[in-house]
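See structure below.
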2 protein chains.
Amino acid sequence: MARTPRKPAPISAVAELAGVSVSTVSRVMNRNATVDPEIASRVRKAAVTLNYAPNPLARSLVLGKTTTVAILVPDLANPTFQSMMRGVSRAAAKDGYRILVADSGEIASEESILAIEMRRRCDAIVLCAPRMAEDLLADLLPALAPAVLINRDNAGTRTPVLTADYEAGVRPLAEHLYGLGHRRMAFLQGNPESASNAARLRGLAQFSATHPDTELTTIECGTAFESGHEAAAEIAGSGYTGILAFNDLVAMGLLSGLAELGVRVPEDISVTGFDDIPLARYTTPPLTTASVPVVELGEQAWLRLHALLREETPAFDVNYRPRLEVRGSTGPVASRR
Amino acid sequence: MARTPRKPAPISAVAELAGVSVSTVSRVMNRNATVDPEIASRVRKAAVTLNYAPNPLARSLVLGKTTTVAILVPDLANPTFQSMMRGVSRAAAKDGYRILVADSGEIASEESILAIEMRRRCDAIVLCAPRMAEDLLADLLPALAPAVLINRDNAGTRTPVLTADYEAGVRPLAEHLYGLGHRRMAFLQGNPESASNAARLRGLAQFSATHPDTELTTIECGTAFESGHEAAAEIAGSGYTGILAFNDLVAMGLLSGLAELGVRVPEDISVTGFDDIPLARYTTPPLTTASVPVVELGEQAWLRLHALLREETPAFDVNYRPRLEVRGSTGPVASRR
DNA sequence: ATGAAAGCGCTAACAG
DNA sequence: CTGTTAGCGCTTTCAT
């Protein structure tokens with residue numbers, strides 16, 4: 001009844017059934033050497049009968065390649081990393097590669113061990129925004145090659161890097177608010193330890209330097225909905241009219257919190273996000289944000305890896321400049337009165 | 001300088017350096033047989049020097065186990081599947097297992113091949129809401145065992161199954177709208193082929209049967225933001241006062257579309273979602289929905305798999321009854337005037 | 001307690 | 001064109 005036998009047959013069973021040696025079976029399965037057509041078809045028939053398919057493990061061991069790529073992300077629940085994974089996954093699939101995923105749970109100390117362990121089961125690895133310290137990363141990377149980094153500097157190694165330019169990306173957001181008349185702004189900061197938070201701060205510092213007439217305060221917040229939601233009360237009574245949230249998640253939390261407090265967006269307060277996650281255009285009001293091509297970051301990561309695996313020179317590192325996406329959550333500052 | 005050599009040393013190198021046989025090295029690495037403490041420490045020292053770690057591939061081949069679980073999802077971009085993955089991933093990690101992920105891109109015909117191929121690299125597999133036909137699934141499953149299914153019936157096999165009860169879950173949503181006075185409702189249907197869509201329709205049919213005074217129409221829609229967003233125009237002028245969206249994504253798209261059209265929620269129209277994705281409580285207004293414990297579904301899936309892997313009897317199949325989560329997107333029907 | 005040898009399933013020289 | 005042999009890196013009898 002069941003057309004598929006429970007246990008997969010080994011190559012030796014096929015050889016036996018076809019009355020040939022295993023090498024011959026191997027040859028017809030891999031169509032490299034030339035095999036007598038008559039024998040070949042006999043082998044193929046036997047293979048079908050036994051529902052044979054080569055054991056990928058054994059193949060990997062002898063070939064020294066697994067056609068699998070490892071991806072390490074800090075948090076599987078974060079839409080940004082999901083999109084990166086998806087980008088890598090779909091691109092790699094086109095070349096016949098699968099992905100092995102691990103989630104470090106944002107725990108920096110877990111990353112090295114996880115990365116090394118995964119890497120040994122795969123041909124290459126992509127590290128998404130690793131949290132570990134610079135020096136650790138620096139001497140981990142050589143052991144991981146071929147590897148590529150997303151949203152993290154390569155610490156002086158030759159590892160290809162794909163990043164979003166948070167520093168450059170945050171300025172148009174601030175400029176946009178400025179252009180709408182906002183002079184009292186606040187930045188809801190994420191994890192102060194994180195590189196991308198630091199980049200945003202640098203970008204904002206540049207903005208401040210060129211706009212001395214504008215107050216721009218940094219407020220501790222976080223990186224998730226909850227953080228933004230909790231910040232709403234403080235923001236509501238603060239007098240700030242333009243809020244730069246760390247990312248879209250925080251912005252959405254804030255939007256929701258402000259709505260509950262009866263604060264109107266953008267009439268009373270303008271809010272911006274960062275990343276342009278798929279939901280951003282469907283919030284109420286739709287979120288003004290800086291769009292980061294995360295899926296493309298993932299795809300490009302795979303391209304670099306694939307080049308490396310074929311001993312080719314990978315394409316240049318690129319730093320994607322986020323694009324300002326003006327939507328409904330920002331508007332002219334309310335005329336005081 | 002680099003503490004980690006580029007290429008991992010094989011066990012033979014360690015044996016040589018320690019002046020023992022590979023078997024001895026293997027023994028100390030696996031601490032099973034008893035080894036002379038003096039020799040053992042010598043081996044360990046050599047292992048550290050060479051930065052040795054057993055090759056997981058070779059180990060898997062001989063041991064016949066990989067400590068890896070496969071997960072097949074229809075779409076990596078869907079928050080529901082992401083949460084399931086996360087549940088499986090975190091639970092499996094506690095037992096030292098990694099996950100191999102594949103995304104079928106919602107293509108039913110891809111699923112069998114992908115599943116079989118992944119399964120051979122892993123010790124077990126979890127199938128999330130496979131789209132393939134019942135009979136295909138039925139004769140695929142034996143070849144995949146140990147396996148567990150999430151949100152899909154096991155087609156008569158003994159495969160453990162974890163599901164959310166969409167049929168039972170949709171009724172409280174309709175009842176809730178009914179209680180608020182709504183008598184003209186519409187269901188924004190997802191993929192008509194999908195099992196969970198059919199389940200919702202059954203639940204709603206039961207509702208209709210017991211509430212003959214209520215009009216409940218099914219409208220073709222889809223499963224993503226865009227679908228809900230596009231449906232807004234049709235809904236706005238329809239006279240329906242209570243809308244049951246296929247899921248939270250569609251509901252959010254609808255919310256956003258209605259807001260753009262100046263339709264107030266819940267004053268003019270009430271909207272419900274389904275799933276209770278993390279964002280659902282942060283929409284404006286927060287979404288009334290049926291909460292499905294997706295992360296737990298994933299965790300429980302791992303528990304079943306783990307039992308199977310240890311030749312134990314897995315826990316019973318469970319069908320999670322979604323919980324009604326009343327929030328701001330539903331309200332009393334507007335008094336007709 | 002330790003080493004030699006067999007073998008997991010497969011591929012790739014090397015002969016014939 | 002095909003079979004024999006070696007070996008990928010490791011674990012596990014089986015002797016010693």
Side-chain angles (χ1 to χ4, degrees), chain A residues 5-47 50-68 96 116-117 119-123, chain B residues 5-47 50-68 96 116-117 119-123:
Chain A
R6 291 195 79 84
K7 286 296 129 206
I11 195 171
S12 55
V14 180
E16 195 173 342
L17 181 62
V20 297
S21 74
V22 293
S23 347
T24 301
V25 178
S26 173
R27 281 191 274 257
V28 348
M29 298 309 290
N30 298 298
R31 19 183 121 279
N32 16 4
T34 152
V35 178
D36 181 296
E38 212 274 288
I39 301 209
S41 84
R42 201 174 354 131
V43 168
R44 258 186 288 272
K45 189 160 146 288
L50 269 53
N51 200 269
Y52 171 77
N55 178 326
L57 248 46
R59 245 174 146 260
S60 299
L61 184 59
V62 59
L63 258 20
K65 54 173 290 190
T66 62
T67 58
T68 304
I116 290 185
E117 211 221 282
R119 175 60 184 83
R120 297 210 62 186
R121 299 172 184 262
C122 301
D123 299 339
Chain B
R6 290 195 80 85
K7 287 296 134 205
I11 195 172
S12 55
V14 180
E16 196 174 341
L17 182 61
V20 296
S21 74
V22 292
S23 348
T24 300
V25 177
S26 173
R27 280 191 274 258
V28 348
M29 296 312 287
N30 299 296
R31 22 183 121 278
N32 18 3
T34 152
V35 177
D36 182 297
E38 212 272 289
I39 300 209
S41 84
R42 197 165 10 124
V43 168
R44 258 185 288 272
K45 188 162 149 288
L50 296 169
N51 202 270
Y52 171 76
N55 178 328
L57 249 45
R59 236 164 157 266
S60 297
L61 183 59
V62 59
L63 258 20
K65 53 173 288 188
T66 62
T67 58
T68 305
I116 291 185
E117 211 221 282
R119 174 62 183 82
R120 297 208 63 188
R121 298 172 184 261
C122 300
D123 299 338

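Here is the naming used below: chain letters follow the sequence lines, and residue numbers restart at 1 for every chain.
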Roughly how many Å is it from [atom1] in [X] to [atom2] in [N], rounded to a whole number?
| X | N | atom1 | atom2 | result |
| --- | --- | --- | --- | --- |
| B:R27 | D:dC10 | CZ | P | 15 Å |
| B:M29 | D:dG9 | CE | P | 16 Å |
| A:R59 | D:dG9 | CZ | P | 17 Å |
| B:K65 | D:dC10 | NZ | P | 17 Å |
| A:E16 | C:dG9 | CD | C1' | 15 Å |
| A:N55 | C:dC8 | CG | P | 12 Å |
| A:R120 | D:dC8 | CZ | C1' | 13 Å |

Remember a base hit wins even if backbone is also touched, and classify [X] as base, sugar-phosphate or nothing at under 4.0 Å, heavy atoms.
| X | result |
| --- | --- |
| A:V35 | sugar-phosphate |
| B:L57 | nothing |
| B:S26 | base |
| A:L61 | base |

Is any side-chain nitrogen or oxygen of [X] closer than 4.0 Å to OP1 or OP2 of [N]?
| X | N | value |
| --- | --- | --- |
| A:N30 | C:dT11 | yes |
| A:S21 | D:dT2 | no |
| B:S23 | C:dG3 | no |

| request: Compute whether any side-chain donor of one residue and acceptor of the other, for A:T67 and B:R121, lie under 3.5 angstrom apart. | output: yes
| said: Which nucleotide wins on minimum distance to the side chain of A:L63, given the candidates D:dT2, D:dT11, C:dA12? | reply: C:dA12
| query | Could you walk me through whether B:S12 and B:E16 pass the side chain to side chain contact (heavy atoms under 4.5 Å, CB included) check? | reply | CA-CA 6 Å; B:S12 55; B:E16 196 174 341; 5.9 Å; no
